[in-house]
Amino acid sequence: MKIDLPLERYAGNPILTPDQMPFRCYTVFNAGATIFNGQVLLLLRVEKCDRETYFHVATSRDGIHFDVNPEPIQYPLSETEKRTRRAHRFDMRITKLEGTYYVCHAAWLDPWGCCIGMATTTDFVHFKPFPHLSEPSNRNAVLFPEKINGLYARLDRPQNVPNWGSLWVSYSPDLEFWGRSMPLNLPKTAWFTNKAGSGTIPIKTPHGWLEIYHATAPTCSSENYYLGAMLLDLNDPSQVIAAPKEFILAAEKDYECMGQSPNVVFTSGAVEMPDGTLNVYYAGADTRMCLAQTTVKKLTDWCLK
Ligand code: BMA
């Protein structure tokens, strides 16, 4: 039976694999995505064979076929990170806000745990860190693309709780001091029994902020990751307007089930193409980059139905 899906995998998946990189590595995954200079730009998380993480830019005119820069980005340590024995950054999300590109990412600080880091860039070569990270333990930060009621806003996932937490919204007058934090009233589903975290940068629609997020549930052999869609109130994004009980993507294909972390689909970015297609970039099994497609209208209707 042909079923109309809210999100369809690109038939040529995966779109970027470790063996296609212009260097030796064993994973390429969890890329942030944006439009830069008229092209789709991915900020790839690459783990090389020293098992350190590097970030490489990939660009594409059609959003499907990418050229990968062989040189990693230049991103000096923040003042907070200079105090750690080892800083491990991962999962960049890119927001264009008031004409500036911001990245938010997880930063694991030995021995304190995971914090949120932020930086700005104008060229996607040089990144300027904000001096201070968040305090631990938090990750999966996405910055909204505009202020809400005069304040900057972000979704994040404080994780110092059993099952590692769920989405919160916080506000800031200056992108440095964050507060007025509220958990989202995201209902539990059978595929969200452990943790949930933000994925894409929220997209403004007449019906609310459209957000694609991940949630997890254990099976007998792994913690499976799922992608879901939800709409958040435009003025108070802690209010979930609609969050369907069905996921929009689960790990089913070999490229989602086999790899560094089996049975994981994870998104950190989506881009609306000139023809209206919403390209959702996601990683399969923490190992390779994949593409799934929909439109903002289709996904919004799916949430509201
Ligand atoms: C999360 C993050 C992601 C990763 C995911 C699945 O906690 O660490 O970077 O993709 O787990 O392993």
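Read the numbers this way: they start at 1 and go in the same order the structure lists the ligands and their atoms. Because the structure is a prediction, the values reported are computed rather than measured.
- Under the 6.0 Å cut-off for aromatic ring centres, F124 and Y101 qualify, their centroids lying closer than that.
- A donor and an acceptor atom, one from each side chain of N13 and R288, are nowhere located under 3.5 Å apart.
- Using modelled atom types, one finds a donor on one side chain and an acceptor on the other under 3.5 Å when comparing Q159 with S137.
- Taking the six-membered ring for Trp and the full ring otherwise, the centers of H56 and F23 sit less than 6.0 Å from each other.
- Ring to ring, W209 and F144 are close: their centroids are under 6.0 angstrom apart.
- Here the heavy atom of the protein found nearest to atom 8 (O) of ligand 1 is R139 NH1, 3.1 Å.
- Heavy atoms of E223 come nearer than 4.0 angstrom to ligand 1 in no pair at all.
- Distance from atom 12 (O) of ligand 1 to its nearest protein heavy atom, with residue and atom name: D286 OD2, 2.6 Å.
- Looking only at protein heavy atoms, the nearest one to atom 1 (C) of ligand 1 is Y225 OH, 3.4 Å.
- Residue contact check: S261 has heavy atoms under 4.0 Å from atoms 12 (O) of ligand 1.
- Contacts with ligand 1 closer than 4.0 Å are made by no heavy atom of W164, backbone or side chain.
- Remark: aromatic rings of F130 and H132 are distant, center separation not under 6.0 Å.
- Of the protein's heavy atoms, D91 OD2, 3.3 Å lies nearest to atom 3 (C) of ligand 1.
- Taking a 4.0 Å cut-off on heavy atoms, R45 registers as neighbouring ligand 1.
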